Amino acid sequence: MSSLLLKGQRAMFRFLGTARLVVVGGAISYRALFNWTTPPMFIGTLLVGPLLQVFFFVFLGRELGVADDRFHLVGNAVLAASASCVYGGTMAVANERRYGTLGAVLLSPRHRVPLWVGRALPYVLNGLFVSAFVLAAASLVLGLPVPARALPGLALVLLVAAGACSAFGLALGALGLRFRDVFLVSNVASSGLLLLTGAAVPRETLPQWMRAAGELLPLTHAADAARGLTAGTGLDRALLGAELAVGAGWALVAVALLALFERGSRRRATLDTM
């Protein structure tokens with residue numbers, strides 16, 4: 001009995017230590033590496049910019065007769081999470097190298113999965129807040145009604161979308177362990193999300209290979225699920241499950257790349273000292 005109690009206590013201590021690493025470590029890293037250090041920069045970069053993008057595509061769609069207001073408004077509101085999640089996930093790794101703190105992180109004896117998950121978690125919450133703000137503000141200005149019963153489902157979809165997008169950004173950030181200018185990759189990736197996910201461009205108008213590529217990217221399925229919710233058709237669990245699967249896939253890619261590049265860095269460091 002006492003041995004079982006002791007094992008339970010040890011498991012609880014390990015769990016609390018891991019939770020502290022994820023929450024506290026992630027919060028400290030976010031405060032240290034987040035480049036938008038003033039409220040005007042935060043508001044202008046993460047809130048005003050995506051909101052203006054929504055208005056641009058809504059009025060462009062009206063002028064060209066491409067889709068309707070709901071398509072562009074909801075799609076671009078979901079896409080707004082990429083402003084913080086893709087670049088934030090990238091910064092979570094690349095800026096550690098840029099500011100010279102990566103060595104201390106890699107020397108840590110803690111397990112790598114909670115270490116990197118903690119660094120991505122603040123950007124998940126950031127992306128959720130940005131998407132929710134853009135959707136609410138744009139709906140209010142443009143007069144798009146959102147059913148009250150759809151709000152819990154929308155919150156869940158936006159949370160899953162932000163998580164998948166942050167995992168995607170973390171996978172891109174892993175390249176920062178090998179390449180110097182990883183933000184060039186992030187810029188290209190953000191443009192790819194704009195084009196391939198169907199958030200701003202109807203996917204049925206794209207070539208087949210582009211539609212296939214979009215199936216593997218975050219936000220694609222979340223945008224369709226969010227459109228259905230705002231239209232009052234309810235939550236499509238298949239789309240939500242697909243978004244979860246895409247996010248899990250990119251999380252595995254991120255962990256694998258981080259482990260691979262870390263081992264490569266240690267191997268090269270060992271050879272340099274010989």
Side-chain angles (χ1 to χ4, degrees), residues 18-19 21-23 25-30 32-35 78-79 81-99 101-128 131 158-193 196-197 213-222 241-267:
T18 301
L21 176 63
V22 171
V23 177
I28 292 174
S29 173
Y30 178 82
L33 299 179
F34 195 42
N35 283 340
V78 174
L79 184 66
S82 66
S84 58
C85 293
V86 171
Y87 290 100
T90 302
M91 287 164 54
V93 182
N95 275 8
E96 295 278 7
R97 178 178 178 179
R98 177 183 177 185
Y99 296 133
T101 56
L102 181 60
V105 173
L106 297 182
L107 288 174
S108 169
R110 302 304 299 268
H111 196 279
R112 292 296 183 259
V113 173
L115 184 70
W116 295 118
V117 168
R119 278 159 168 71
L121 182 60
Y123 301 102
V124 175
L125 302 178
N126 228 5
L128 174 62
S131 287
L158 293 180
L159 177 61
V160 171
C165 198
S166 292
F168 179 64
L170 196 62
L172 297 177
L175 301 176
L177 298 179
R178 181 60 59 88
F179 306 107
R180 289 185 179 276
D181 191 6
V182 71
F183 291 104
L184 176 62
V185 179
S186 298
N187 291 334
V188 174
S190 294
S191 299
L193 291 177
L196 301 176
T197 61
E215 293 289 334
L216 302 176
L217 292 175
L219 307 182
T220 299
H221 307 286
E243 188 71 19
L244 279 169
V246 169
W250 281 110
L252 290 175
V253 170
V255 171
L257 288 177
L258 287 165
L260 176 65
F261 291 149
E262 180 179 350
R263 285 197 297 269
S265 299
R266 291 180 184 275
R267 190 181 305 115

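Treat the numbers as computed from the prediction; the structure is a model and nothing was measured.
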Trainee: Please answer whether the main-chain N or O of Gly214 pairs with a side-chain N or O of Thr220 as donor and acceptor at a distance below 3.5 Å.
Mentor: yes

Trainee: Could you please spell out the steps behind the side chain to side chain contact (heavy atoms under 4.5 Å, CB included) verdict for Val124 and Leu159?
Mentor: CA-CA 7 Å; Val124 175; Leu159 177 61; 4.0 Å; yes

Trainee: For Ala164 and Gly247, work out which heavy atoms get closest and say how close.
Mentor: CB-CA, 3.5 Å

Trainee: Going by atom type alone, with no hydrogens or angles, which donor-acceptor pairs under 3.5 Å involve a side-chain atom of residues 248-256 and a protein atom two or more places apart or on another chain?
Mentor:
unit_1, atom_1, unit_2, atom_2, d
Trp250, NE1, Leu216, O, 2.8

Trainee: Is the shortest side-chain heavy-atom distance between Val86 and Tyr123 below 4.5 Å?
Mentor: no

Trainee: State which residues pass side-chain hydrogen bond (donor to acceptor under 3.5 Å, both in side chains) with Ser186; sequence neighbours excluded, sorted by chain then number.
Mentor: Thr90

Trainee: Ala222: which residues meet the side-chain contact (heavy atoms from CB on, under 4.5 Å) condition with it, sequence neighbours left out?
Mentor: Val78, Val157, Ala161, Glu243

Trainee: Where is the tightest heavy-atom contact between Leu193 and Ser82, given as atom of each residue plus distance?
Mentor: CD1-CB, 3.9 Å

Trainee: For Cys85 and Gly127, which heavy atoms make the closest approach, and how far apart are they?
Mentor: SG-CA, 3.8 Å

Trainee: Among Val246, Leu219, Leu244, find the residue that satisfies the side chain to side chain contact (heavy atoms under 4.5 Å, CB included) test when tested with Val160.
Mentor: Leu244

Trainee: Working to the nearest 0.5 angstrom, can you tell me the gap between Cys165 SG and Leu158 CG?
Mentor: 12.0 Å

Trainee: Please list, chain by chain and in numerical order, all residues satisfying side-chain hydrogen bond (donor to acceptor under 3.5 Å, both in side chains) with Thr197, sequence neighbours excluded.
Mentor: none

Trainee: Apply side-chain contact (heavy atoms from CB on, under 4.5 Å) to Ala189 and list each qualifying residue two or more places apart in sequence or on a separate chain.
Mentor: Phe168, Leu172

